[in-house]
Asks: 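Below is the structure I would like to discuss, written out as structure tokens.
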Amino acid sequence: MIKSNLKQIVREAAQRAHAEGHLPSDDFPDVEIEEPKIETHGDFSTNLAMIMAKVQKMPPRKVAEILQPYLEEAAAWIQQTDIAGPGFINFFIAPDAWGPVLTTIHAANDRYGASAFGKGRKIQVEFVSSNPTGPLHVGHGRGAAVGDSVARILAFSGYDVQREYYINDSGRQIRTLGLSVLLRYSALFGESIDFPETCYQGDYIIEMARALKDQQGDRLLSQSEDEAVTTCARYAAGLIIEGIRQDLLDFGVSFDQWFSEQSLYDSGRVDASIATLREKKQVYEKDGALWFKSTDFGDEKDRVVVRNNGITTYFASDIAYHQEKFERGFDRVIDVWGADHHGYIPRMKAAVAASGVNPENFQVILVQLVNLLRGGAPVAMSTRAGEFVTLQDVVNEVGSDAARFLFLTRHYDSPLDFDLELAKQKSNDNPVYYVQYVHARIASICRKAEIDLPVDAPLDPQALAVLTDPEDVQLIKQLNRYPDIIQTSARFMEPHRVTFYLMTLAGAFHSYYNRQRVLTDDPITTKGRLYLVTAVQKVIRNGLALLGVSAPDHM
RNA sequence: GCGCCUGUAGCUCAGCUGGAUAGAGCAACGGACUUCUAAUCCGUAGGUCGCAGGUUCGAGUCCUGCCAGGCGUACCA
């Protein structure tokens with residue numbers, strides 16, 4: 001609020017200076033207001049004079065000098081302006097001008113930081129989309145945390161968000177799943193059978209085979225292998241998806257839609273897409289296969305959509321799927337993928353472009369891998385051998401809050417070491433508790449305060465005036481940053497910005513708490529400080545909610 | 001070979017898309033509990049931002065070339 005007012009003031013100062021003949025050009029760039037790192041540089045600063053110097057044909061400091069008088073008279077809350085360094089204009093804000101920030105926070109409550117940035121545009125976030133051939137592992141957990149948080153942040157920033165899970169319930173691997181279960185099932189009846197390496201090795205396969213036996217008896221043994229595999233595949237995939245859905249719910253993640261790949265085949269959608277490609281001459285035949293001309297749209301080589309055995313590739317259904325997404329009316333489509341799929345992006349962008357959609361409206365968030373550690377030592381994992389730590393294991397061991405928070409303490413672009421021992425530790429090594437502790441501490445103060453005076457009493461104007469110590473102002477300034485953080489986080493789809501902000505705010509609060517008593521003998525001071533810390537509490541709760549992490553009243 | 005990602009304090013990472021004197025947390029060292037929750041705080045120390053050029057008033061950030069690590073380069077999904 002202060003910042004945008006300042007922006008306006010600077011803009012008007014430049015206009016007036018030009019109107020009164022002090023600046024030759026009216027070609028004004030966008031005004032950027034930033035917060036200097038160093039205290040002596042003021043509360044805010046602008047580099048406008050430096051940017052304009054060339055156009056105005058005068059040195060930056062001269063431009064700043066021309067602007068300065070207009071700025072100083074613009075508002076009473078601008079206490080002082082300085083011209084510094086190569087031509088920065090620094091603003092010092094009157095200490096009593098910060099109070100209204102708190103009023104804004106309390107009025108907006110859990111909507112503080114929300115914006116109309118997305119202008120109501122429809123956006124889809126597709127994430128996790130793990131194959132229904134086994135339980136989710138830790139890597140999926142990171143993808144889930146990132147996708148879910150991005151979705152929350154975008155929704156909070158004025159987008160109409162839809163969350164979707166794409167189920168790869170078609171193709172060879174699902175047959176392999178069926179075969180794996182069938183073999184284990186047959187073994188239960190004493191048949192000695194080789195269990196190939198290509199099959200899924202985990203114990204969960206055996207468990208499903210047992211359940212199937214309990215349910216169906218020996219009925220499958222009399223079926224043809226093809227029929228039995230299909231039965232097993234359908235049964236197992238259904239069970240696994242249900243498990244995945246439950247694991248994600250336990251992780252605080254839910255979806256608006258579960259989209260089946262098989263449904264694209266059943267409805268003829270894949271064939272229709274291929275037909276369209278043919279009509280548009282975006283495919284050609286070579287070596288008995290059908291190739292999509294992705295090189296026409298920036299890919300490095302053309303890609304097969306129908307193999308020479310007549311079977312479509314995974315890419316074919318993906319083309320159909322993404323066309324279908326945009327036909328559903330989304331302005332933007334976001335896919336969250338594991339970083340090992342990055343080679344797939346150019347062809348997917350090409351496919352989107354080929355269907356006449358601006359490829360910029362399709363974006364992929366690549367989430368780097370998770371290295372699972374225990375006490376600093378790597379935890380051996382091998383999907384092939386069926387040895388892996390599942391997301392459910394992690395949630396059971398360290399809790400959903402800790403896991404989600406830690407997944408979001410890194411930019412998704414960089415690999416993440418996830419240490420199970422560290423995540424469990426309820427100490428200052430663990431940032432989750434550091435942040436949650438703020439909320440609990442303030443809740444505790446409120447519990448105590450209510451003995452003496454009601455927290456939700458309308459604020460005495462005098463009480464706001466109490467909050468002018470540097471300690472108070474520093475904390476309020478921190479709160480004032482929140483909406484900008486959210487907006488940047490939405491613009492770049494980077495939830496870790498929220499995580500880092502919360503850690504910083506938590507640090508500022510803990511520091512404040514150790515210096516200033518909230519509940520004092522003076523009722524006005526107490527009121528003012530309660531007003532301040534409950535605002536902190538709201539922002540903490542608000543930010544944690546965007547990460548999908550709870551804000552406890554007791555710890 | 002080609003493509004993508006990464007390289008910042010001893011360790012793990014931020015750095016608001018080009019701003020001023022480089023920022024946290026761990027780890028190290030020294031302090032603070034009769035107090036609204038010590039799951040906390042205060043202080044000290046720690047740097048050739050992988051290397052070399054370039055762009056400009058100004059580069060950790062942008063461009064080029066190297067070096068190192070990870071991943072990818074299917075008629076698999």
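Note that this is a predicted model, so its numbers are computed, not measured. Just so it is clear: chains get the letters A, B, ... in the order the sequence lines come, proteins before strands, and each one is counted from 1.
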Asks: If the cut-off is 4.0 Å, is A/Tyr314 near the phosphate of B/A77, judged by side-chain N/O to OP1 or OP2?
Replies: no
Asks: Is B/U17 syn or is it anti, if syn means the base angle is within 90 degrees of 0?
Replies: syn
Asks: Please give the nucleotide sitting opposite B/C41 as a Watson-Crick or G-U wobble pair, both distances under 3.5 Å, or none.
Replies: B/G31
Asks: Pick the C1' atom in B/A38 and in B/G31, then give their distance to the nearest Å.
Replies: 14 Å
Asks: Check this one for me: any side-chain N or O of A/Lys37 less than 4.0 Å away from OP1 or OP2 of B/A20?
Replies: yes
Asks: Would you tell me if any nitrogen or oxygen in the side chain of A/His496 comes within less than 4.0 Å of OP1 or OP2 on B/G15?
Replies: yes
Asks: Within the 4.0 Å limit for protein heavy atoms, which parts of nucleotides 1-10 of chain B are touched? Write it as a string from 5' to 3', B for base, S for sugar-phosphate only, - for none.
Replies: --BBSS----
Asks: Tell me if a side-chain donor or acceptor on A/Asp299 pairs with a main-chain N or O of A/Ala350 at a distance below 3.5 Å.
Replies: no
Asks: Could you tell me how far B/A20 sits from B/G58 if I compare only their P atoms? Round to whole Å.
Replies: 14 Å
Asks: NA contact type, A/Ser45, heavy-atom cut-off 4.0 Å: base, sugar-phosphate, or nothing?
Replies: base
Asks: Considering only the C1' atoms, how many Å lie between B/C67 and B/G30, rounded to the nearest integer?
Replies: 42 Å
Asks: What's the gap between B/G72 and B/A45 when it is taken at their P atoms, as a whole Å value?
Replies: 45 Å
Asks: For A/Ile174 and B/C76, what is the distance between atoms CD1 and C1' respectively, to the nearest whole Å?
Replies: 14 Å
Asks: Could you tell me the Watson-Crick or G-U partner of B/C51, where both distances fall under 3.5 Å? Say none if there is no partner.
Replies: B/G65
Asks: OP1 or OP2 of B/C75 sitting under 4.0 Å from any side-chain N/O of A/Arg172?
Replies: no
Asks: Determine whether the side chains of A/Tyr512 and A/Asp472 contain a donor N or O and an acceptor N or O closer than 3.5 Å.
Replies: yes
Asks: Report the base-pairing partner of B/C36 (Watson-Crick or G-U wobble, both distances below 3.5 angstrom), or none.
Replies: none
Asks: Name the nucleic acid region contacted by A/Glu285, choosing base, sugar-phosphate or nothing; use a 4.0 angstrom heavy-atom cut-off, strictly under.
Replies: nothing
Asks: Using atom P in both nucleotides, what's the gap between B/A74 and B/G3 to the nearest angstrom?
Replies: 15 Å
Asks: Under 4.0 angstrom, heavy atoms only, what part of the nucleic acid is A/Ala53 near: base, sugar-phosphate, or nothing?
Replies: nothing
Asks: Is the backbone of A/Ser130 close enough, under 3.5 Å, to the side chain of A/Tyr165 for a donor and an acceptor to pair up by distance?
Replies: yes
Asks: Stacking between A/His341 and the base of B/A77 (centre distance under 5.5 Å, interplanar angle under 30°)?
Replies: yes
Asks: Pull out every protein N or O sitting under 3.5 Å from an N or O of nucleotides 42-51 of chain B, one pair per line with the distance.
Replies:
{"unit_1": "B/C42", "atom_1": "OP1", "unit_2": "A/Ser511", "atom_2": "OG", "d": "2.9"}

Asks: So, A/Asp43 side chain and A/Phe92 main chain: donor-acceptor pair closer than 3.5 Å or not?
Replies: no
Asks: Is B/C33 in the syn or the anti form, by the rule that syn lies within 90° of 0?
Replies: syn
Asks: Pairing donors with acceptors under 3.5 angstrom, does anything connect the side chains of A/Asp271 and A/Tyr265?
Replies: no
Asks: Is there a Watson-Crick or G-U wobble partner for B/C71 with both distances under 3.5 Å, and if so, which one is it?
Replies: B/G3
Asks: Tell me what A/Asn309 touches on the nucleic acid: a base, only sugar-phosphate, or nothing, going by heavy atoms under 4.0 Å.
Replies: nothing
Asks: Would you indicate, yes or no, if B/C41 has its OP1 or OP2 atom less than 4.0 angstrom from a side-chain nitrogen or oxygen of A/Tyr434?
Replies: yes
Asks: Is the side chain of A/Ser170 donor-acceptor paired with the backbone N or O of A/Gln262 at a distance under 3.5 Å, no angle test?
Replies: no
Asks: Is any side-chain N or O of A/Arg307 closer than 4.0 Å to OP1 or OP2 of B/A74?
Replies: no
Asks: What distance, rounded to whole Å, do you find between the two P atoms, one in B/U17 and one in B/C71?
Replies: 32 Å
Asks: Does A/His322 use its side chain to pair, donor to acceptor, with the backbone of A/Ile319 at less than 3.5 Å?
Replies: no
Asks: Donor-acceptor pair, A/Arg481 side chain versus A/Glu35 backbone, under 3.5 Å?
Replies: no
Asks: Provide the Watson-Crick or G-U wobble partner of B/G18, both distances under 3.5 Å; none if there is no partner.
Replies: none
Asks: Ignoring hydrogens and geometry beyond distance, is the side chain of A/Asp484 in donor-acceptor contact with the base of B/C16 at under 3.5 Å?
Replies: no
Asks: Could you check whether A/Pro60 gets within reach of a base, just the sugar-phosphate, or nothing at all, counting any heavy atom under 4.0 Å?
Replies: nothing
Asks: Looking at A/Ala339, is its backbone amide N or carbonyl O close enough to the side chain of A/His342 to form a donor-acceptor pair, meaning the two atoms are under 3.5 Å apart?
Replies: yes
Asks: Give a yes or no on whether the backbone of A/Tyr434 and the side-chain of A/His510 come within a donor-acceptor separation of less than 3.5 Å.
Replies: yes
Asks: For a quick check of understanding: with a heavy-atom distance under 4.0 Å over all strands, which category does A/Asn90 fall into, base, sugar-phosphate or nothing?
Replies: base
Asks: Give me the distance, rounded to whole Å, that separates B/C2 from B/C26 when you measure between the C1' atoms they each carry.
Replies: 40 Å
Asks: Regarding A/His411, tell me which of base, sugar-phosphate or nothing describes its non-hydrogen contacts under 4.0 Å with the strands shown.
Replies: sugar-phosphate
Asks: Applying a 4.0 Å non-hydrogen cut-off, can you work out what A/Tyr344 is touching in the nucleic acid: base, sugar-phosphate, or nothing?
Replies: base
Asks: Check every strand shown and say whether A/Asp299 touches a base, only sugar-phosphate, or nothing at a heavy-atom separation below 4.0 Å.
Replies: nothing
Asks: Under 4.0 Å between any heavy atoms, over every strand shown, what does A/Asn308 touch: base, sugar-phosphate, or nothing? Just pick one.
Replies: base
Asks: For B/C26, what is the paired nucleotide under Watson-Crick or G-U wobble rules, both distances under 3.5 Å?
Replies: B/G10
Asks: With the stacking rule set at 5.5 Å and 30°, tell me whether A/Phe500 counts as stacking on B/A24.
Replies: no
Asks: Using only side-chain N and O atoms of A/Arg441, determine if any of them is under 4.0 Å from OP1 or OP2 of B/A38.
Replies: yes
Asks: Given the C1' atoms of B/G60 and B/C49, what is the spacing between them in whole Å?
Replies: 5 Å
Asks: Name the pairing partner of B/A59, where a pair is Watson-Crick or G-U wobble with both distances under 3.5 Å, or state none.
Replies: none
Asks: State whether the side chain of A/Arg142 and the backbone N or O of A/Gln368 hold a donor-acceptor pair below 3.5 Å, judged by distance alone.
Replies: yes
Asks: Check whether any side-chain N or O of A/Arg517 sits under 3.5 Å from a backbone N or O of A/Leu519 as a donor-acceptor pair, and report yes or no.
Replies: yes
Asks: Classify the side chain of A/Asp340 and the base of B/G72 as holding, or not holding, a donor-acceptor pair under 3.5 Å.
Replies: no
Asks: Taking atom types as modelled, find out whether A/Asp401 and A/Gln436 have a side-chain donor-acceptor pair closer than 3.5 angstrom.
Replies: yes
